[in-house]
Amino acid sequence: MTRLWLVRHGPTHAKGIVGWTDLPADLSDHAALNRLSLYLPDAPVVSSDLSRAIATADAIADGRDRLPHDNRLREIHFGDWEMRGHAEVEAEDPELIRAFWDQPGTVAPPGGESWDGLASRVGQGVDDHLSTAASDLIVVCHFGAILTQVQRALGVTALEVFAHRIDNLSVTCLHTGPDGWSAEVINHRP
């Protein structure tokens, strides 16, 4: 059995919809980062290639093997909605944004990607990394990326998985093995 330790990056304090926009993380809470590092196993650390994930991974690596960044572990690509407020996007195209959140799957923002596209991309990246992991792997990534793997472990719909919170600097630990996927803990704040 392999344990997948999914860590959400530090907060960005952004006010708009953020996916692929490369914003820095606020890593000023050194006590939280220290608790997080102490909670995690001695395992390789990989992150998305966005700076908020890279900096968070570097901050918690603490002597662990640091694997190359992987762009497949990025947040969902919001396309034309990037860095815009929800109210602004809803005023422009209320039916599309409601469908995107209420019927996640194949609906995508203009110039962006769907939930199914995100899940496929992140799933492939995670699978590739797990194929070389001994027993544990730490992945520092994003809200949506983590939820795709929670959905996979729980065997629920995208809409059902949206009920889960994934806080900044939280840990979600999933297991995978011959009997499939399961969740040990979701959104734990050490």
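For clarity, every value in this text was computed on a predicted model and none was experimentally measured.
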Please check if the side chain of [X] supplies one atom and the backbone of [Y] the other of a donor-acceptor pair under 3.5 Å.
{"X": "T2", "Y": "D136", "result": "no"}
{"X": "R64", "Y": "S37", "result": "yes"}
{"X": "R121", "Y": "R74", "result": "yes"}
{"X": "D26", "Y": "P11", "result": "no"}
{"X": "T132", "Y": "H129", "result": "yes"}
{"X": "S170", "Y": "I166", "result": "no"}
{"X": "T148", "Y": "A145", "result": "yes"}
{"X": "S114", "Y": "G105", "result": "yes"}
{"X": "R189", "Y": "A32", "result": "no"}
{"X": "E75", "Y": "G144", "result": "yes"}

Between D127 and R152, is there a side-chain N and carboxylate O pair less than 4.0 Å apart?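 Judged by the 4.0 Å cut-off on N to carboxylate O distance, D127 and R152 do form a salt bridge.
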
Note, [X] side chain near [Y] side chain (heavy atom, < 4.5 Å):
{"X": "R8", "Y": "D167", "answer": "no"}
{"X": "E90", "Y": "R98", "answer": "yes"}
{"X": "F78", "Y": "E113", "answer": "no"}
{"X": "L4", "Y": "W181", "answer": "yes"}
{"X": "E184", "Y": "L174", "answer": "no"}
{"X": "I17", "Y": "E82", "answer": "no"}
{"X": "V140", "Y": "V46", "answer": "no"}
{"X": "H188", "Y": "C173", "answer": "no"}

Any chance you could measure [X], atom [atom1], to [Y], atom [atom2], to the nearest 0.5 Å?
{"X": "T176", "Y": "L137", "atom1": "OG1", "atom2": "CG", "value": "11.5 Å"}
{"X": "N187", "Y": "I146", "atom1": "CG", "atom2": "CD1", "value": "8.5 Å"}
{"X": "N34", "Y": "Y39", "atom1": "CG", "atom2": "OH", "value": "15.0 Å"}
{"X": "H86", "Y": "W81", "atom1": "NE2", "atom2": "CH2", "value": "9.5 Å"}
{"X": "H164", "Y": "L147", "atom1": "NE2", "atom2": "CG", "value": "8.0 Å"}
{"X": "I60", "Y": "I138", "atom1": "CD1", "atom2": "CD1", "value": "6.0 Å"}

I'd like to know if [Y] and [X] are part of one continuous hydrophobic network [Ile/Leu/Val/Met/Phe/Trp/Tyr, side-chain heavy atoms within less than 4.5 Å].
{"X": "V107", "Y": "V89", "answer": "yes"}
{"X": "V150", "Y": "V171", "answer": "no"}
{"X": "V156", "Y": "V185", "answer": "no"}
{"X": "I186", "Y": "L73", "answer": "yes"}
{"X": "L118", "Y": "L130", "answer": "yes"}

Does any donor atom in the side chain of N71 or D49 lie under 3.5 Å from an acceptor atom in the other side chain? no

Is it the case that T157 and E160 place a side-chain donor and acceptor less than 3.5 Å from each other?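 Result is yes, a qualifying pair exists.
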
Please find the pair of heavy atoms, one from [X] and one from [Y], that lie closest to each other, and give the distance.
{"X": "T56", "Y": "G10", "answer": "OG1-N, 3.0 Å"}
{"X": "G125", "Y": "D70", "answer": "CA-OD2, 4.3 Å"}
{"X": "E92", "Y": "P94", "answer": "C-CD, 3.9 Å"}
{"X": "P41", "Y": "R3", "answer": "CB-NH2, 4.3 Å"}
{"X": "L159", "Y": "P104", "answer": "N-CG, 3.7 Å"}

Does the ring centre of F100 sit less than 6.0 Å away from the ring centre of W115?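 No, they do not, as the ring centres are separated by 6.0 Å or more.
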
Taking the six-membered ring for Trp, are the ring centroids of F143 and H9 within less than 6.0 Å of each other?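 Distance test on ring centres: not under 6.0 Å, no.
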
For T12, which of L50, L23, D22 qualifies under side-chain contact (heavy atoms from CB on, under 4.5 Å)? L23

Listed partners of R66 passing side chain to side chain contact (heavy atoms under 4.5 Å, CB included), at least two apart: V45, S47, I54, A57, D58, A61, H69

For A134, which residues count as a side chain to side chain contact (heavy atoms under 4.5 Å, CB included) partner, sequence neighbours excluded?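 Partners of A134 by the side chain to side chain contact (heavy atoms under 4.5 Å, CB included) criterion come out as none, since no residue qualifies.
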
Quick one, V126 with D128, criterion side chain to side chain contact (heavy atoms under 4.5 Å, CB included). Give me CA distance, side-chain angles, the key distance, then yes/no. CA-CA 5 Å; V126 165; D128 287 350; over 6 Å; no

Apply ring pair (Phe, Tyr, Trp, His ring centres under 6.0 Å) to H77 and list each qualifying residue two or more places apart in sequence or on a separate chain. W20

